[in-house]
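One structure below.
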Amino acid sequence: MEIVEPNTCIRGCCTSESIPLHLPPSSFTLLSPIAKGSESVVYEAILHGRRVAAKKPILSTSDDLDKFHRHLQLLCNLDHPGVAKLVAAHAKPPNYLFFFEFYEAGNLADKLHVEEWSPSIGQVLTITLHLAKALRYLHNNGIVHRDVKPANVLLDQNLSPYLTDFGLAEYKKDLRQVNLHNWRSSGKPTGGFHKKNMVGTLIYMAPEILRKEMYTEKSDIYSFGILINELLTGVVPYTDLRAEAQAHTVLEMNYTEQQLTAAIVSSGLRPALAETGLHVPKSLLALIQNCWGADPSKRPSLDDVVLELESLWELEREKQQSCFLETTSIARSDKDEVEIKHTRDYGDNVDWSSQGECLSKKSSLSTVPDLKSWSSSTDGPSRYVPIVSWGSFATCGRRESMEDTHFLMPHMCNEENIHLFAIFDGHRGAAAAEFSAKALPGLIQSLSSTSAEEALSQAFVRTDLAFRNELHSHRQTNRVSQKDWHPGCTAIASLLVDNKIFVANVGDSRAILCRAGCPFALSKAHLATCIEERNRVTGEGGRIEWLVDKWRVAPAGLQVTRSIGDDDLKPAVTAEPEISETILSADDEFLVMASDGLWDVMNDEEVIGIIRDTVKEPSMCSKRLATEAAARGSGDNITVIVVFLRPVSTAERIY
Ligand SMILES: Nc1ncnc2c1ncn2[C@@H]1O[C@H](COP(=O)(O)OP(=O)(O)OP(=O)(O)O)[C@@H](O)[C@H]1O
Ligand SMILES: [Mn+2]
Ligand SMILES: [Mn+2]
């Protein structure tokens with residue numbers, strides 16, 4: 001949208017670089033009103049041919065005008081995916097208007113109580129997590145919202161939520177004693193159901209506010225707790241006839257506002273808590289109760305709320321996936337076979353690590369490894385040779401079991417300038433990952449007579465073959481009792497030979513370089529969401545279907561399209577790696593390899609930024625990345641390998 005300079009309001013107190021603050025009258029048309037409050041009317045409107053919502057405040061006093069300008073200043077400073085977007089404003093007389101992005105599905109209160117929508121637990125978690133992040137953003141920027149309630153949450157077509165109505169929001173530093181009277185008059189209810197309901201926004205107010213004490217961010221948390229519960233129950237707070245005697249009376253005896261206030265403040269009355277059913281996790285109810293606790297200092301912070309909601313959301317997603325996987329494996333199992341009840345219960349008595357180790361030893365004995373041939377092929381007398389230091393960190397994170405494995409083989413076969421590092425991320429059990437981490441090193445050594453690239457490729461394919469053969473023979477001898485069990489793993493291996501790095505990959509682990517301060521991808525993930533991989537799989541006779549929430553390889557529901565193991569999906573889910581070859585120079589600072597548990601919650605720039613901020617020691621960097629990923633809510637196992645490619649001075653190591 002065109003911005004006419006100077007882009008300020010009439011007083012010059014509001015400015016913005018991206019939001020136009022005054023508009024030619026011909027650029028917009030107000031259509032019909034959507035909602036009328038005591039302080040503003042919201043219209044559907046057209047602005048430069050685009051559908052928007054226009055909020056027109058009713059300004060009768062100079063106080064109202066001051067308030068408009070403060071409101072606009074605040075809105076100009078907001079930019080978050082969970083906050084309703086201000087697209088323009090008109091801040092000159094006679095028309096004072098806010099123009100917002102139009103959110104088709106209306107507000108959450110109408111959705112719940114007029115349309116009688118009852119969201120699934122997954123939807124409740126998605127919506128509350130988005131809102132919690134938006135609120136956290138406000139609090140981190142020193143803003144309290146002060147009117148958190150479903151009527152101030154807008155929904156788009158996909159039912160993603162946006163926090164709106166900053167009419168009462170304030171910078172914490174500007175907050176003085178809150179006057180209940182102001183509250184009441186400005187926090188007017190919206191929507192038909194509210195008008196019938198005498199308590200209005202009072203029902204979202206924390207006891208300390210009803211007691212006319214100081215508003216803090218913890219008062220927003222209280223309202224947020226009430227909102228989560230309302231989403232779960234579908235009931236306007238305190239109107240539930242099934243609720244306990246006290247709340248019962250609220251409705252039947254026609255409690256006055258004072259009486260309800262007194263009950264909330266002195267007897268700790270709260271809305272009837274959602275019931276623990278099959279679907280509502282107990283910890284979500286505990287979170288609600290912590291949020292609406294009487295003592296503000298004991299309520300969680302939004303960081304805590306976000307963490308809790310993220311882990312609940314992740315658990316729910318896993319539940320849906322394993323439900324799906326269970327049903328498919330049950331459906332496919334023969335009648336006389338035992339059904340898989342728990343996906344982790346594999347009936348597997350094999351030590352896959354030692355099996356892999358045996359293979360490794362056998363293959364490395366079959367030839368005398370001579371890795372020099374790799375070296376000579378990368379020649380050039382004055383070539384650059386990186387000076388490496390390495391470290392790793394692995395954690396099972398929130399998962400019950402660890403299915404990632406990895407190895408570090410610096411100075412492989414005593415070759416000064418040859419190093420091998422690899423990560424394997426198991427699925428449907430850890431068997432394939434445990435086997436591969438032990439088998440791969442010996443296999444690669446045994447292939448030293450071919451090129452480095454060929455050796456990597458062959459080693460992946462042979463590890464896969466050997467694993468599937470082992471599994472097959474154990475099935476014959478009943479050491480693996482579950483016939484319908486098809487474990488697999490992703491694999492990524494980085495082979496440094498003098499000034500070159502070869503990265504071989506199957507699956508969704510990734511490796512990046514930090515090159516001249518910027519990320520440089522050394523591998524690409526093989527996922528069914530990627531069109532080339534989808535085409536390759538179907539071209540090789542595999543099936544790709546939209547299952548649960550994304551493209552997956554059917555019937556197992558695998559997200560990765562290449563792997564070691566997964567014998568039910570071979571040959572389409574191939575073990576043939578994609579290999580990149582990169583010449584290193586003094587620009588290359590470090591290499592980061594990690595399983596998807598890291599990349600799910602962090603992008604390449606963030607990874608580099610974190611290493612830059614961490615003591616320059618590879619295992620500390622690895623640990624820092626993994627713990628940061630866990631803190632950001634990664635629900636997966638996390639393995640990180642960091643290899644520095646330049647000597648790090650003592651000073652850098654410390655600072
Ligand atoms: N951007 C938008 N897109 C679609 N509908 C909107 C939008 N903004 C507001 N509305 C509708 O108008 C209603 C009132 O908006 P808002 O809460 O911003 O105004 P208000 O006058 O401050 O209301 P209140 O009486 O709650 O204080 C919302 O609940 C919603 O139904
Ligand atoms: Mn509102
Ligand atoms: Mn309002």
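In each ligand, atom 1 is the first atom listed, and ligand 1 is the first ligand listed. Remember, predicted model here, so these are calculated numbers, not experimental data.
- Close approach of ligand 1 to Asn107 (heavy-atom distance below 4.0 Å) involves ligand atoms 28 (C), 29 (O), 30 (C), 31 (O).
- Partners of Glu101 according to the side chain to side chain contact (heavy atoms under 4.5 Å, CB included) rule, which considers only residues two or more places apart in sequence or in another chain, are Arg50, Lys85, Val87, Tyr103.
- Residue Asp110 has no nitrogen or oxygen atom sitting less than 3.5 Å from a nitrogen or oxygen atom of ligand 1, judged on distance alone.
- When heavy-atom distances to ligand 1 are checked against a 4.0 Å cut-off, Ala151 comes that close only through its backbone atoms N, CA, C and O.
- For Phe166 and His71, the ring centers sit 6.0 Å or farther from each other.
- Nearest-heavy-atom check against atom 30 (C) of ligand 1 across Leu155, Val42, Leu168, Leu154 picks out Leu154.
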Using residues 524-531 as the side-chain source, report each donor-acceptor pair under 3.5 Å to any protein atom, sequence neighbours left out, with the distance given to one decimal.
| unit_1 | atom_1 | unit_2 | atom_2 | d |
| --- | --- | --- | --- | --- |
| Lys524 | NZ | Glu578 | OE1 | 3.3 |
| His526 | ND1 | Gly507 | N | 3.1 |
| His526 | NE2 | Glu578 | OE1 | 2.5 |

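- Annotation: cation-pi geometry not satisfied between Arg552 and Trp546 (NZ/CZ under 6.0 angstrom from ring centroid, within 45° of ring axis).
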From CA spacing to verdict: side chain to side chain donor-acceptor pair (under 3.5 Å), Asp295, Ser297: CA-CA 6 Å; Asp295 181 351; Ser297 68; 2.8 Å; yes
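- With ligand atoms numbered from 1 in the order given, ligand 1 contributes 12 (O), 13 (C), 14 (C) to contacts under 4.0 Å with heavy atoms of Ala35.
- Looking at Lys55 against ligand 1, only its side chain comes within 4.0 Å, counting heavy atoms.
- Considering Arg632, Lys133, Arg136 as possible partners of Asp303, the one that fulfils the salt bridge (charged side-chain N to carboxylate O under 4.0 Å, His left out) test is Arg136.
- Contacts of Asn152 with ligand 1, taken as heavy-atom pairs under 4.0 Å, involve the side chain alone.
- Taking the six-membered ring for Trp, Phe224 and Tyr204 have ring centres at least 6.0 Å apart.
- Of the N or O atoms in Tyr103, one or more lie within a sub-3.5 Å distance of an N or O in ligand 1.
- When heavy-atom distances to ligand 1 are checked against a 4.0 Å cut-off, Lys149 comes that close only through its side chain, counted from C-beta outward.
- Asn290 CG to Lys298 NZ: the interatomic distance, rounded to the nearest 0.5 Å, is 11.0 Å.
- Within the structure, ligand 1 has Glu101 among the residues with a heavy atom less than 4.0 angstrom away.
- Shown in contact with Ala53 at under 4.0 Å from a heavy atom are these atoms of ligand 1, numbered in order with element: 1 (N), 2 (C), 3 (N), 7 (C).
- Interface atoms of ligand 1 facing Phe100, defined by a heavy-atom separation under 4.0 Å, are 1 (N).
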